[in-house]
> 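Here it is: the structure, laid out below.
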Number of protein chains: 2
Amino acid sequence: MSEQHYCYKYPHPAVTADCVIFGFDGTGIKVLLIQRGIEPYKGKWAFPGGFMKIDETAEECARRELEEETGLKEACVEQFYTFSDVNRDPRERVVTVAHYALVRLSEVKGGDDAASARWFAHDEIPALAFDHDRILRMAMNRLKERICFEPIGFELLPEVFTMTELQNLYEAILEVKFDRRNFYNKMLKLGILAEAEPRPANASRRTPNKYRFNAGKYAELKQKGFRLEF
Amino acid sequence: MSEQHYCYKYPHPAVTADCVIFGFDGTGIKVLLIQRGIEPYKGKWAFPGGFMKIDETAEECARRELEEETGLKEACVEQFYTFSDVNRDPRERVVTVAHYALVRLSEVKGGDDAASARWFAHDEIPALAFDHDRILRMAMNRLKERICFEPIGFELLPEVFTMTELQNLYEAILEVKFDRRNFYNKMLKLGILAEAEPRPANASRRTPNKYRFNAGKYAELKQKGFRLEF
DNA sequence: CTTATTTGCGTTTATTTCACGCAAAAGTAA
DNA sequence: TTACTTTTGCGTGAAATAAACGCAAATAAG
């Protein structure tokens, strides 16, 4: 047995942070998975994650994992649940604080071990290691809830986007279909969108308007207690 | 130094579960706090909580704490956030999985050390130990969110209650005022209330109707995707 | 005895959804 | 080319919902 330097009077579980990384390719939601190279669950896919260092918070740990895999330092990262089933890891007792991250696919660079990392669409998720299928289900549910209260969707879109892209994003996350015209009206009436370019003179009917997220206006609305309703 | 039997190759934080226990006395929300008898934060008030055993989940640990303080085995307990700031406990690195519990005050018995336990109203919370003020703020916010989607409010009321009690509960949690008549209409139209007693013949105008929560009807509605809106 | 409060059960009006219409430009297939 | 479909911007009316408020009976409080 190797050296065991850290001793306690009572048993301590290991604590890890996992990071479910969501991206959006203009049509559907994607999830970044890593193929495990070692036992247990060798060959199975899993979320980026690792042991929390003794001088970092769980969120900092999750951000570290995110950066290792995507190169992104700034991103929307939020903790959503802590999984503590007794036998969720066969090696030792491991409690994991699960997070999700929202990233713009265009800004993602291949990470350290890009060879074993891949983006998967919602309907092509392979067999996952540990209890990661349960973690994914919970992450998706939390995403659905959050997008109705906070404009987190914009974290997944490029700076400038079209109304159709925005609608595709909402439809992908909520797994529903909206009437295009109603979605258009509702979003504009909310006032959290700004026209990115003043629509060129040569604009044809099929050249869509470009928008960007208006954070200032959103902050105003939020104070008055409001809600992105769908 | 005492015996240190449990050794690991890397440092492991301690993991605790805390339990913010909410009750409702017919007018306002109450929180159960325990006065600490030992350092650190001796004399300060804190939520029931303790170290997670190696063979129990965080929720089981929270339920154990709940039962020790209230005698209640069955209650609505939900995890809401894990706090992992590096210095939140001066003794050692402690990560806590925070839960809230909803209990009926009438069913609560004094716990093991009832002497040091007390119910506090929302506006008379004393100075709290550790980062428990932050934990309380987060618990209240989560409660506000949840009550708009799930009928968790009924966990706080007695089996049979009046419409006014129900409204007081919603107003206390959401910290708003409703028009009595609109609240009445909305709740009845939802269909999740059942009349508890068929309203006696000698009922005067000031004898309020008694209701109970109709779980079956709620299950129906939930399937169709619905929402307690306020 | 007078006044204020509580309860049940409405109605009216404003606001918000929701379903759908329409025309212009541009791509698609014959 | 021609005919057809798709995409986009911008409306509009009907239906549903939320919000404001009326009223009378019973009774508790002063």
Side-chain angles (χ1 to χ4, degrees), chain A residues 25-28 147-149 157-158 160-172 174-212 214 221 224-230, chain B residues 25-28 147-149 157-158 160-172 174-212 214 221 224-230:
Chain A
D25 67 357
T27 314
I147 207 174
C148 291
F149 291 88
L157 287 170
V160 169
F161 49 85
T162 68
M163 190 63 80
T164 304
E165 287 172 325
L166 184 62
Q167 181 175 352
N168 285 341
L169 174 62
Y170 271 85
E171 291 183 342
L174 296 173
E175 297 180 280
V176 291
K177 285 285 171 190
F178 298 115
D179 179 279
R180 179 184 57 83
R181 297 154 292 185
N182 288 339
F183 184 88
Y184 182 100
N185 290 334
K186 197 176 285 188
M187 267 295 167
L188 286 187
K189 203 171 48 183
L190 269 177
I192 59 175
L193 295 185
E195 269 188 46
E197 298 148 32
R199 189 165 179 80
N202 63 339
S204 74
R205 283 280 175 154
R206 291 194 62 162
T207 311
N209 287 346
K210 298 277 196 175
Y211 299 93
R212 65 175 73 245
N214 185 339
L221 280 175
K224 294 172 191 162
F226 107 116
R227 188 163 187 172
L228 273 162
E229 190 95 34
F230 289 98
Chain B
D25 68 357
T27 315
I147 206 175
C148 290
F149 292 88
L157 288 170
V160 168
F161 49 85
T162 69
M163 190 64 80
T164 303
E165 286 172 326
L166 184 62
Q167 180 175 353
N168 286 342
L169 174 63
Y170 271 85
E171 290 183 342
L174 296 172
E175 296 180 277
V176 291
K177 284 284 169 192
F178 298 114
D179 180 279
R180 180 183 57 85
R181 298 155 290 187
N182 288 339
F183 184 88
Y184 184 100
N185 289 334
K186 197 178 284 187
M187 266 298 168
L188 285 187
K189 205 170 50 184
L190 269 178
I192 59 175
L193 295 185
E195 268 187 47
E197 298 149 34
R199 191 165 178 79
N202 63 339
S204 74
R205 281 282 172 158
R206 289 193 66 158
T207 310
N209 287 347
K210 298 275 194 177
Y211 299 93
R212 64 174 74 245
N214 185 338
L221 281 173
K224 294 171 190 162
F226 107 113
R227 187 166 188 168
L228 273 162
E229 190 94 36
F230 290 99

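In what follows, chains are A, B, ... by sequence order, proteins preceding strands, each numbered from 1.
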> In this structure, how many angstroms lie between the P atom of C:dT6 and the CG atom of B:Asn168, rounded?
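Interatomic distance, CG of B:Asn168 to P of C:dT6: 10 Å.
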
> Quickly work out the A:Glu195 CD to D:dC10 C1' distance and round it to whole Å.
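After rounding, the gap between these two atoms is 13 Å.
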
> When you get a sec, tell me which of D:dG9, C:dT6, C:dA25 is the closest nucleotide to the side chain of A:Pro208?
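Out of D:dG9, C:dT6, C:dA25, the nucleotide with an atom closest to A:Pro208's side chain is D:dG9.
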
> Find the distance between CD (A:Glu165) and CG (A:Asp25) and round it off to the nearest 0.5 Å.
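Going from the CD atom of A:Glu165 to the CG atom of A:Asp25 covers 10.5 Å.
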
> Hey, is the main chain of B:Tyr184 close enough, under 3.5 Å, to the side chain of B:Gln167 for a donor-acceptor pair?
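No, B:Gln167 side chain to B:Tyr184 backbone: no donor-acceptor pair under 3.5 Å.
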
> List the protein contact pattern of nucleotides 14-23 of chain C with one symbol per nucleotide (5' to 3'): B for base contact, S for sugar-phosphate-only contact, - for none; contact means a heavy-atom distance under 4.0 Å.
----BBBB-B

> Apply side chain to side chain contact (heavy atoms under 4.5 Å, CB included) to residues B:Asn168 and B:Phe161 and explain how you reach the verdict.
CA-CA 11 Å; B:Asn168 286 342; B:Phe161 49 85; over 6 Å; no

> With respect to the phosphate group of C:dT7, does any side-chain polar atom (N or O) of B:Thr164 fall under 4.0 Å of OP1 or OP2?
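The answer is yes; a side-chain N or O of B:Thr164 sits under 4.0 Å from OP1 or OP2.
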
> Please state whether the phosphate of C:dC9, meaning OP1 or OP2, lies under 4.0 angstrom from any side-chain nitrogen or oxygen of B:Tyr184.
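Yes, B:Tyr184 has a side-chain N/O under 4.0 Å of OP1/OP2 on C:dC9.
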
> Rounding to a whole Å, what distance do you find between B:Phe178:CZ and D:dC21:C1'?
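Whole-Å distance recorded here is 18 Å.
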
> Take atom NZ of B:Lys177 and atom C1' of D:dA20, then tell me their distance rounded to the nearest Å.
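Between C1' of D:dA20 and NZ of B:Lys177: 18 Å.
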
> Does any N or O donor sit under 3.5 Å from an N or O acceptor when you compare the side chain of B:Arg206 with the base of D:dA26?
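Answer is no: no donor-acceptor pair is held.
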
> B:Gln167 has an atom CD; how far is it from atom C1' of C:dT7, in whole Å?
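For the pair B:Gln167 CD and C:dT7 C1', the rounded distance is 12 Å.
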
> Once you round it to whole Å, what is the distance between P of C:dT6 and CG of B:Asn209?
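That distance rounds to 17 Å.
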
> Within this structure, what is the CE-to-C1' distance between B:Met187 and D:dA18, rounded to whole angstrom?
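That distance rounds to 15 Å.
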
